[in-house]
Amino acid sequence: MSTLVENQPAWLSRLREEGAARFGQTGLPTQRQEAWKYTGLNRLKAFGFEPAPAGAASGEVPAALVEGTQHRLVFVDGRLDAATIGTLPKGVILKGLADVLRNQPDIAEPLLGKLAKTGDRPMAALNAAWFEDGLVLIVPRGVTIEGPIEVTFISGDATAACHPRLIVSLGDHANALLIERHLGGAAGGFANQVAEIELGAGAQFRHYILHAEPSVSTAVETVSTRVGRDAAYRSFALTAGGGLVRREVEVALCETGAAAQIDGAYLVDGERHSDATILIDHQAQHCASRQTQKGVIDDDGRAVFQGKILVRPHAQKADGYQLSQTLLLSPQAEIDVKPELEIHADDVKCSHGATVGRLDADALFFLRARGIPEAEARGLLIQGFIGGALDEIDRPAVREAFGKTAADWLQRRSESRS
Amino acid sequence: MLSIENLHVSVGDREILKGLTLEIPAGEVHAIMGPNGSGKSTLSYVLSGREGYEITAGSVTYDGKDLLAMQPEERAAAGIFLAFQYPVEIPGVPNATFLRTAVNAVRRGRGEKDLDAIQFMRLVKDKSRKLGITDEMMKRAVNVGFSGGEKKRNEILQMAMLEPKLAILDETDSGLDIDALRVVADGVNMLRDPARSMLVITHYQRLLQYIVPDRVHVLAHGLIRRSGGPELAHELEQTGYAEFADGKAA
């Protein structure tokens, strides 16, 4: 444990000490723990968890994912490296966390560690012990931020650990869209991110996450979201890179009418591993949740989807739905799907479905009979499957940008086979 | 154009085609009629190159080439087109994207240059209008949410775009009401050409009132039992397939 921020306030020292103590007790999660049954972190044993000293970016910072993006923050090894912030509505705070902790720690105090509980989450505890920087987005009541905010994470030349912390707080009826883009770097590295997202009554938050790191990278994310009355949290994560990417998302639908949509697509080839572990906690009446997860798994790739809908005793009229669809393209490819419904109320509508299959032989023949060579026909079918997943993104510019990343993945895949 | 000689085809242990012989000269429209289970769809799939059919004897020569040695996509490039009885739905792939991919794949196979987006749109606009296919249908995923009639019209649009030399229409009338049937038949008739042969496979005579064939063949128990002019179709409408039920040639 360290004092990464000089002269840090007592509450922050306490948060870190608690995190360090907790992680000291548990260490890295093991596959004996139910939540980690299908994802092992052996590859992290070579890492020290102390953040590497500040270094330079290994490559150029790419253009924004969505053209015309006004607000961008670029992090290198978890530290804010560059920020271009356009004109923001009055009262909005969009800054690096280290900056806030240095200059306005009072803003962070009520939010940091409020939602990310470390009790049964060793990785969140580890983050608490070591985080240095990250994002602070605070949108006051009634304020809408037009256009996307993009945060880009790249890693430097050294193999390094980093522990970014994202704090998002939207006031009542506030509205924002965040794109999180993980590009890693050739040296690899380990990013252990924690996000805490709090949405006031009627707030709308769209959260799009893209993993496009090289296969040497490891990313573990713990997202804790609290959704208020009639508020909506919509997220879509596309995992097209990273040697191991685990996203553990917990959404608490705390008040009447809260809604969440947690969608994702994972494209897993080589020996890569992708894990989406989602818990939707219906705590109040008339809450709705949707989860659509679609995976394409090739070679020796492996994916995990654990999705749980929990409906508490008073959460009547809950409407929960979960769908998992997976395409397996090679005999060694593997998906572990664990859907769970835990329902303690009696007036609810909850359902789930899961399919695992190969490319449709009828469709493949149809395309070939129309003159499309077999490899191209397979590509088109995979693209169609991914396209169906991306349709869940209701912002066309983001959908298009994610579609391009997916197309690049397909292109690389077909080139590596020809 | 197409010459089928003594073709024997099995699926698993079952022999479906038992020595079928058929000759289709260039520019002619031939109809194959037959009861369910006679081997009609097997014939269309074998000609278009679907997997799962074992050819135990015989040959198929198309344009002087051994058709059975060719991959499905090579056959398409060489001018074979199968209009599917049950057109396949392809979620996530827009109809226009699919069609352009197919047209350019076939053009490449024929040694022609790709059509660019503008050339393609111009061509497809003209042909789709004649078939009552809307821009909206071109944007939707291939056949997803299409009615039976829309699916069949979409097949004919693909045929018009790919300009085959031999079109095989497999039960194109199935599932169509009379209005939809007329639109599809008109579309097919527009594509009749001295350089284009067609093989129209159907259970019922109804389709052949609209697409009038040069020759009619009766397929039953894996063999052509009778051949004749268009009048044979009318005769079958009266008598049905009862006389072929015993599996012996008439």
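Below, read A as the first sequence line, B as the second, and so on, with proteins coming before strands; counting in each chain starts at 1. Because the structure is a prediction, the values reported are computed rather than measured.
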Visitor: Please report the shortest heavy-atom distance between Phe365(A) and Gly49(B), naming the atom on each side.
Guide: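 Taking every non-hydrogen atom into account, CE1-C, 3.7 Å.
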Visitor: Among Glu73(B), Glu51(B), Met159(B), which residue has the highest count of heavy-atom pairs closer than 4.5 Å to chain A?
Guide: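 Heavy-atom pairs under 4.5 Å are most numerous for Glu73(B).
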Visitor: Name the option with the most non-hydrogen atom pairs under 4.5 Å to chain B; the candidates are Ala363(A), Gly387(A), Ala361(A).
Guide: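 Most pairs with chain B among the choices: Ala363(A).
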Visitor: With a 4.5 angstrom heavy-atom cut-off, is it the side chain or the backbone of Phe366(A) that approaches chain B, or both, or neither?
Guide: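 Phe366(A) touches chain B through backbone and side-chain heavy atoms alike.
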Visitor: With only heavy atoms counted, which part of Val142(B) is less than 4.5 Å from chain A, the side chain, the backbone, both or neither?
Guide: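 The side chain, not the backbone.
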Visitor: Indicate yes or no: at least one non-hydrogen side-chain atom of Arg50(B) is less than 4.5 angstrom from one of Asp362(A).
Guide: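 Arg50(B) reaches Asp362(A) side chain to side chain.
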Visitor: Please examine the side chains of Leu367(A) and Val93(B), heavy atoms only from C-beta on, and report whether any two atoms are closer than 4.5 Å.
Guide: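 Val93(B) vs Leu367(A): side chains apart.
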Visitor: Heavy-atom pairs under 4.5 Å with chain A are the metric here; pick the option from Pro91(B), Gly109(B), Ala77(B) that has the most.
Guide: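 Of the options given, most contacts go to Pro91(B).
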Visitor: Can you say whether Tyr86(B) sits under 4.5 Å from chain A via the side chain, the backbone, both, or neither, judging by heavy atoms?
Guide: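 Tyr86(B) has no heavy atom closer than 4.5 Å to chain A.
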Visitor: Which atom pair, heavy atoms only, marks the closest approach of Ala369(A) to Ala76(B)?
Guide: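 Taking Ala369(A) first and Ala76(B) second, the nearest heavy atoms are O-CB, 3.4 Å.
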Visitor: To the nearest 0.5 Å, how far apart are CZ in Arg368(A) and CZ in Arg75(B)?
Guide: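 So the CZ of Arg368(A) and the CZ of Arg75(B) are separated by 9.5 Å.
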Visitor: At a heavy-atom separation under 4.5 Å, does Glu374(A) approach chain B through its side chain, its backbone, both, or neither?
Guide: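 For Glu374(A), backbone and side chain are both near chain B.
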Visitor: Could you check whether atom CD of Glu112(B) has more than 12 heavy atoms from other residues, nucleotides or ligands sitting under 6.0 Å from it?
Guide: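 Yes, enclosed.
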Visitor: Where do Ala105(B) and Gly371(A) come nearest, in terms of heavy atoms and distance?
Guide: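 Looks like CB-O, 3.1 Å.
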Visitor: Using non-hydrogen atoms only, which part of Arg107(B) is less than 4.5 Å away from chain A: side chain, backbone, both, or neither?
Guide: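 Contact with chain A is absent: no heavy atom of Arg107(B) under 4.5 Å.
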Visitor: For the CD atom on Gln119(B), are there more than 12 heavy atoms of other groups (residues, nucleotides or ligands in this structure) within a distance under 6.0 Å?
Guide: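 Yes, CD of Gln119(B) has more than 12 neighbouring heavy atoms, counting only those of other groups under 6.0 Å.
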Visitor: What pair of heavy atoms forms the shortest contact from Arg370(A) to Ala83(B), and how long is it?
Guide: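 So the minimum-distance heavy-atom pair works out to NH2-CA, 4.1 Å.
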